[in-house]
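All remarks here apply to the structure that follows.
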Amino acid sequence: MAELLGPRLYSCCNCRNHVSYHDDIISKAFQGRNGRAFLFSHAMNVTVGPKEDRQLMTGLHTVADVSCSDCCEVLGWKYERAYEESQKYKEGKFILEKSKIVKENW
């Protein structure tokens, strides 16, 4: 009998709380604080922290750290505002660091 699998997910590396769907990946070509990171259109089961301006590799952005809602592990950040026109597509999107998430249902 075939095993039925749900959607492919990413989970918090610390507690396995589901934080995003694989289908929500926009790009895998991003850099986080600790190495490679993925840009997601949506995230779930996360807490968004206070907004702050940060000078990132692609210019000045207003971002908010994103933490797992269960264990409070910082997983990445949410782009709240991009000041450069070429970066506006990131607004409202999430960066989740590859080292902070694990695959589920693959």
Side-chain angles (χ1 to χ4, degrees):
M1 190 160 127
E3 184 177 328
L4 296 176
L5 292 176
R8 294 188 299 174
L9 298 163
Y10 286 96
S11 299
C12 172
C13 68
N14 194 44
C15 72
R16 298 297 199 264
N17 185 21
H18 296 162
V19 294
S20 196
Y21 291 106
H22 176 265
D23 289 347
D24 289 337
I25 291 179
I26 296 170
S27 175
K28 294 182 177 182
F30 277 74
Q31 189 68 27
R33 287 190 196 105
N34 305 303
R36 202 163 146 209
F38 302 156
L39 181 68
F40 288 85
S41 58
H42 301 94
M44 59 189 166
N45 301 321
V46 295
T47 303
V48 179
K51 297 176 188 177
E52 63 179 63
D53 286 343
R54 277 191 209 149
Q55 187 67 41
L56 302 175
M57 290 170 56
T58 54
L60 184 64
H61 296 79
T62 302
V63 298
D65 282 343
V66 173
S67 303
C68 174
S69 61
D70 280 356
C71 72
C72 299
E73 178 80 20
V74 176
L75 304 174
W77 63 85
K78 180 179 181 183
Y79 285 103
E80 298 288 353
R81 182 174 179 206
Y83 290 91
E84 297 190 26
E85 197 60 41
S86 66
Q87 302 300 307
K88 293 280 188 191
Y89 74 96
K90 297 177 184 174
E91 291 181 344
K93 311 286 190 306
F94 296 84
I95 287 288
L96 298 179
E97 299 204 40
K98 187 177 179 195
S99 65
K100 302 287 187 150
I101 55 177
V102 294
K103 297 175 179 179
E104 301 274 347
N105 289 339
W106 289 64

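As a basis for the values below, the full set of heavy atoms in this structure was taken, side chains included, without hydrogen atoms, waters or symmetry mates.
Between Val74 and Ser67, the shortest heavy-atom distance links the atoms CG2-OG, 3.7 Å. The two residues Cys15 and Cys68 make their nearest non-hydrogen contact at SG-SG, 3.5 Å. What you find for Lys88 and Ala82 is that their closest heavy atoms are NZ-O, 2.9 Å.
If you run side chain to side chain donor-acceptor pair (under 3.5 Å) between Gln87 and each of Glu84, Lys90, Glu91, only Lys90 comes through. For the side chain to side chain contact (heavy atoms under 4.5 Å, CB included) with Leu96, the lone residue among Leu39, Val19, Asp24 that qualifies is Val19.
One distance of note links OG of Ser27 with NZ of Lys93; it measures 12.0 Å at 0.5 Å rounding. Within the model, atoms CD of Glu80 and CZ of Arg54 stand 11.0 Å from one another, a figure rounded to the nearest 0.5 Å. Between atom NE2 of residue His18 and atom CG of residue Leu9 there is a gap of 5.0 Å, rounded to the nearest 0.5 Å. Considering OG of Ser99 and CZ of Arg33, their distance stands at 11.0 Å, rounded to 0.5 Å. Distance CZ/Arg16 to SG/Cys71: 11.0 Å, rounded to 0.5 Å. Between Asn34 atom CG and Glu97 atom CD the span is 4.5 Å, to the nearest 0.5 Å.
When the side chains of ILVMFWY residues are joined at heavy-atom separations under 4.5 Å, either directly or via intervening members, Ile25 and Ile101 end up in a single hydrophobic cluster. In the hydrophobic cluster analysis, where Ile, Leu, Val, Met, Phe, Trp and Tyr join through side-chain heavy atoms closer than 4.5 angstrom, Val66 is grouped together with Phe38. Transitive grouping of hydrophobic side chains (ILVMFWY, heavy atoms separated by less than 4.5 Å) brings Leu56 and Ile26 into a common cluster. Linking Ile, Leu, Val, Met, Phe, Trp and Tyr whenever their side-chain heavy atoms come within less than 4.5 Å leaves Trp77 and Leu60 in two separate clusters.
Using a distance-only test at 3.5 Å, with no hydrogens or angles considered, no donor-acceptor pair links the side chain of Thr62 to the main chain of Tyr79. Between the Asn17 side chain and the Asn45 main chain, a donor and an acceptor come within less than 3.5 Å of each other.
A salt bridge does not link Asp65 with Lys51: every distance from a Lys NZ or Arg NE/NH1/NH2 to an Asp or Glu carboxylate oxygen is 4.0 Å or more. Checked for salt-bridge contact, Lys100 and Glu73 meet the test: a charged N lies under 4.0 Å from a carboxylate O.
Tyr83 and Asp53 are linked by a side-chain donor-acceptor pair at a separation below 3.5 angstrom, with hydrogens and angles left out of the test.
Residues Phe40 and Tyr10 place their aromatic rings such that the two centres sit under 6.0 Å apart.
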TODO: For Cys12 and Leu75, run side chain to side chain contact (heavy atoms under 4.5 Å, CB included): C-alpha distance rounded to whole Å, both residues' side-chain angles, the deciding distance at 0.1 Å, then the answer.
DONE: CA-CA 7 Å; Cys12 172; Leu75 304 174; 4.2 Å; yes
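A 4.5 Å side-chain heavy-atom check between Pro7 and Asp23 finds every atom pair outside the cut-off.
Counting heavy atoms of neighbouring residues, nucleotides and ligands inside a 6.0 Å radius, atom CD of Gln55 exceeds 12 of them.
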